[in-house]
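Before any comments, here is the structure.
Owing to the predicted nature of the structure, the values given are computational and were not obtained by experimental measurement. Position 1 is the first residue of the sequence, and the numbers go up from there. Just so it is clear, the values below take in all heavy atoms, side chains as well, and ignore hydrogens, waters and symmetry mates.
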Amino acid sequence: MLNLGILGLGEGRSTMSAALNSSNWTLKTICDRNEELCRQRVDEFQFMGQVTAQYQHMLDDPEIDAIAIYTPDHLHAEHVAQALRAGKHVVCTKPFIDDLSKANELLALAEQSGKKVFVGQSSRFFEPMKRQRADYEAGLIGELISIESYYHADHRWFLAKGWSLQDSFKWLYGGLSHPVDFVRWYLPNIEEVMGYGVLSSNGREGGLKNPDTMHFIFKATDGRVARVSGCYTGPVQPVQRDSEMSCILRGTEGASQGDYMDLRYAITDKTGEERLITWEHKLKHYFRFEGKSHHAGEYQNYLDYFADSINQNFTAYPDIHEGIGTIALLQAMDRSLQTGQPVKVQDILKENGL
């Protein structure tokens with residue numbers, strides 16, 4: 001059993017559920033500077049471990065093997081750096097960091113510490129996406145031609161979180177990083193991106209400062225193309241018609257589609273057989289409280305995977321390098337929104353000495 005500390009108990013709520021239900025982890029300490037939130041989590045989970053409002057208390061605890069970080073995006077880099085300096089393995093929620101100027105420091109700290117850094121890109125660990133990846137690797141749709149991925153959700157409720165209204169918050173990083181990660185999972189060598197975005201009237205009225213509606217085209221080094229889109233402050237289609245997030249693979253011999261948050265997957269394989277697969281029997285694993293507004297099941301899947309990587313000494317993906325690469329792509333997307341021009345990812349990397 002490995003000992004875990006959790007920093008940030010908003011999104012970290014799902015991680016508490018995940019760790020407390022895992023046979024690979026002991027949840028030793030939880031931390032949030034909001035002491036009332038700490039008390040709520042203790043009561044909710046009948047948590048018997050340690051509680052602190054000071055991150056340093058977890059960093060100084062030699063019994064803690066890994067720290068899971070669920071703080072606002074602009075704090076990730078410093079919190080990851082502190083954990084590595086303290087000799088802890090790190091799980092950091094997506095997006096990994098929001099400032100590439102800090103990437104080289106984190107790469108050096110990870111190398112010096114010898115500790116593992118895993119980016120909690122949770123949607124890879126959702127049942128339909130796991131099955132989609134397995135079918136793809138088994139060759140059921142042939143050679144990949146193109147990918148389409150999107151995340152469309154009515155997240156106006158999210159604006160109740162005060163930090164979502166700050167200049168530093170961008171749905172580009174907080175939302176689109178999910179479908180962007182799907183693209184990079186299958187087409188890791190994206191070289192150029194072009195996109196447009198707008199702050200909708202709903203987002204503007206809600207107090208958002210940055211675009212909440214965006215559409216992008218990616219080009220890979222081998223010429224293949226992908227499409228990504230995100231809309232975050234308007235109503236969505238009924239679940240029978242569409243899912244809030246989806247990844248569509250189009251291959252030479254078939255096609256597949258993994259849906260989120262619905263436990264639904266469709267494939268036309270190379271034999272021409274069409275299948276629609278659902279996993280209603282796993283609803284209680286994936287969604288444990290307040291409908292589907294959390295990621296407890298995915299987090300448990302990836303915490304167990306990360307534990308295996310530590311115990312068996314293999315690399316858990318997305319690792320720090322892949323996490324930084326995704327941020328470079330997101331920053332290229334950000335620049336394209338601002339300039340209205342195509343942007344090469346390599347230019348972003350070079351500017352930051354990467």
Within the side chain of [X], is there an N or O that forms a donor-acceptor pair under 3.5 Å with the backbone of [Y]?
X      : Y      : answer
His294 : Arg288 : yes
Lys116 : Phe314 : yes
Asn311 : Ala307 : yes
Ser200 : Gly203 : yes
Asn189 : Thr221 : no
His152 : Met245 : no
Ser122 : His295 : no
Tyr55  : His79  : yes
Glu253 : Asp269 : no
Thr339 : Arg335 : yes

Review point. Given the rule in the side chain to side chain contact (heavy atoms under 4.5 Å, CB included) test, do Leu249 and Leu144 qualify, once you have shown the distances and angles that lead to the verdict?
Key: CA-CA 7 Å; Leu249 304 181; Leu144 185 65; 3.9 Å; yes
Looking at [X], I want to see if its [atom1] is surrounded by more than 12 non-hydrogen atoms of other residues, nucleotides or ligands under 6.0 Å.
X      : atom1 : value
Arg33  : CZ    : no
Gln40  : CD    : yes
Tyr196 : OH    : no
Arg227 : CZ    : no
Glu35  : CD    : no
Met48  : CE    : no

Verify whether one side chain among [X] and [Y] offers a donor that lies under 3.5 Å from an acceptor in the other.
X      : Y      : result
His285 : Asn301 : yes
Gln121 : Arg184 : no
Thr52  : Gln54  : no
Arg250 : Ser146 : no
His178 : Ser123 : yes
Ser243 : Tyr260 : no

Show the nearest heavy-atom pair for residues [X] and [Y], with the distance to one decimal.
X      : Y      : result
Ser256 : Tyr265 : CB-OH, 3.6 Å
Gly195 : Ser336 : N-OG, 3.0 Å
Pro211 : Gly197 : CB-C, 4.3 Å
Val225 : Leu187 : O-CD1, 4.4 Å
Gly10  : Leu37  : N-CD2, 3.9 Å

Determine, using the 4.5 Å side-chain heavy-atom cutoff (strictly less than), whether [X] and [Y] are members of one ILVMFWY cluster.
X      : Y      : answer
Leu27  : Ile64  : no
Ile348 : Val228 : yes
Val42  : Met16  : yes

Pair [X] + [Y], salt bridge at N-O below 4.0 Å:
X      : Y      : result
Lys102 : Glu105 : no
Lys94  : Glu11  : no
Lys292 : Glu244 : no
Asp43  : Arg39  : no

By the salt bridge (Lys or Arg N to Asp or Glu O under 4.0 Å) test, which pairs, at least two apart or in different chains, include something from [range]?
range            : value
residues 312-329 : Arg124-Glu322
residues 14-27   : none
residues 187-200 : Glu191-Lys219, Glu192-Lys344

Practice item. Determine, stepwise, if the pair Phe306 / Ile310 fulfils side chain to side chain contact (heavy atoms under 4.5 Å, CB included). Key: CA-CA 6 Å; Phe306 189 48; Ile310 294 171; 3.8 Å; yes
Review point. Which pairs, with at least one residue in residues 14-49 and sequence neighbours excluded, count as a ring pair (Phe, Tyr, Trp, His ring centres under 6.0 Å)?
Key: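 For residues 14-49: none.
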Check your understanding: Do any pairs count as a ring pair (Phe, Tyr, Trp, His ring centres under 6.0 Å) and have a residue in residues 230-253, sequence neighbours left out, and if so which ones?
Key ->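 For residues 230-253, and leaving out neighbouring residues, the ring pair (Phe, Tyr, Trp, His ring centres under 6.0 Å) pairs sorted by first residue read Tyr151-Tyr232, Trp171-Tyr232.
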Practice item. Check whether any side-chain heavy atom of Phe287 sits under 4.5 Å from a side-chain heavy atom of Met261, and report yes or no. Key: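 The answer is yes, as the side chains (C-beta and beyond) meet within the 4.5 Å cut-off.
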Review point. Tell me, do Leu100 and Leu354 make a side-chain contact under 4.5 Å, heavy atoms counted?
Key: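 A side-chain contact exists here, since the closest heavy-atom pair is under 4.5 Å.
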Practice item. Go through the structure and list residues passing side chain to side chain contact (heavy atoms under 4.5 Å, CB included) with Leu199, not counting sequence neighbours. Key: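 Once residues adjacent in sequence are excluded, the partners of Leu199 under the side chain to side chain contact (heavy atoms under 4.5 Å, CB included) criterion are Arg204, Leu208, Asp212.
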Practice item. List for me each residue that meets side chain to side chain contact (heavy atoms under 4.5 Å, CB included) alongside Lys115, sequence neighbours excluded, and say none if there are none. Key: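 With sequence neighbours excluded, Lys115 shows a side chain to side chain contact (heavy atoms under 4.5 Å, CB included) to Leu84, His89, Ser113, given in chain and number order.
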Practice item. Not counting sequence neighbours, which residues clear side-chain hydrogen bond (donor to acceptor under 3.5 Å, both in side chains) with Glu137? List them please. Key: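 Glu137 satisfies side-chain hydrogen bond (donor to acceptor under 3.5 Å, both in side chains) with Arg133 once adjacent residues are dropped.
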My understanding is that only residues two or more places apart in sequence, or in another chain, count here; which of them pass salt bridge (Lys or Arg N to Asp or Glu O under 4.0 Å) with [X]?
X      : answer
Glu143 : none
Glu127 : Lys130, Lys282
Asp259 : Arg264

Point to revise | Test side chain to side chain contact (heavy atoms under 4.5 Å, CB included) applied to Val180 and Leu329, step by step | key: CA-CA 8 Å; Val180 168; Leu329 176 53; 3.6 Å; yes
Check your understanding: Quick one: ring pair (Phe, Tyr, Trp, His ring centres under 6.0 Å) partners of Tyr302, sequence neighbours excluded?
Key ->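 So Tyr302 forms a ring pair (Phe, Tyr, Trp, His ring centres under 6.0 Å) with Phe118, Phe125, Tyr299.
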Point to revise | Phe96/His76 aromatic ring centres below 6.0 Å | key: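 Between Phe96 and His76, the centre distance exceeds or equals 6.0 Å.
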Exercise for review: Step by step, work out the side chain to side chain contact (heavy atoms under 4.5 Å, CB included) result for Cys38 and Val51.
Suggested key: CA-CA 7 Å; Cys38 289; Val51 183; 3.6 Å; yes
Practice item. Apply the test salt bridge (Lys or Arg N to Asp or Glu O under 4.0 Å) to residues Asp65 and Lys88: give CA-CA distance (whole Å), side-chain angles for both, the deciding distance (0.1 Å), then the verdict. Key: CA-CA 6 Å; Asp65 299 295; Lys88 312 297 186 187; over 6 Å; no
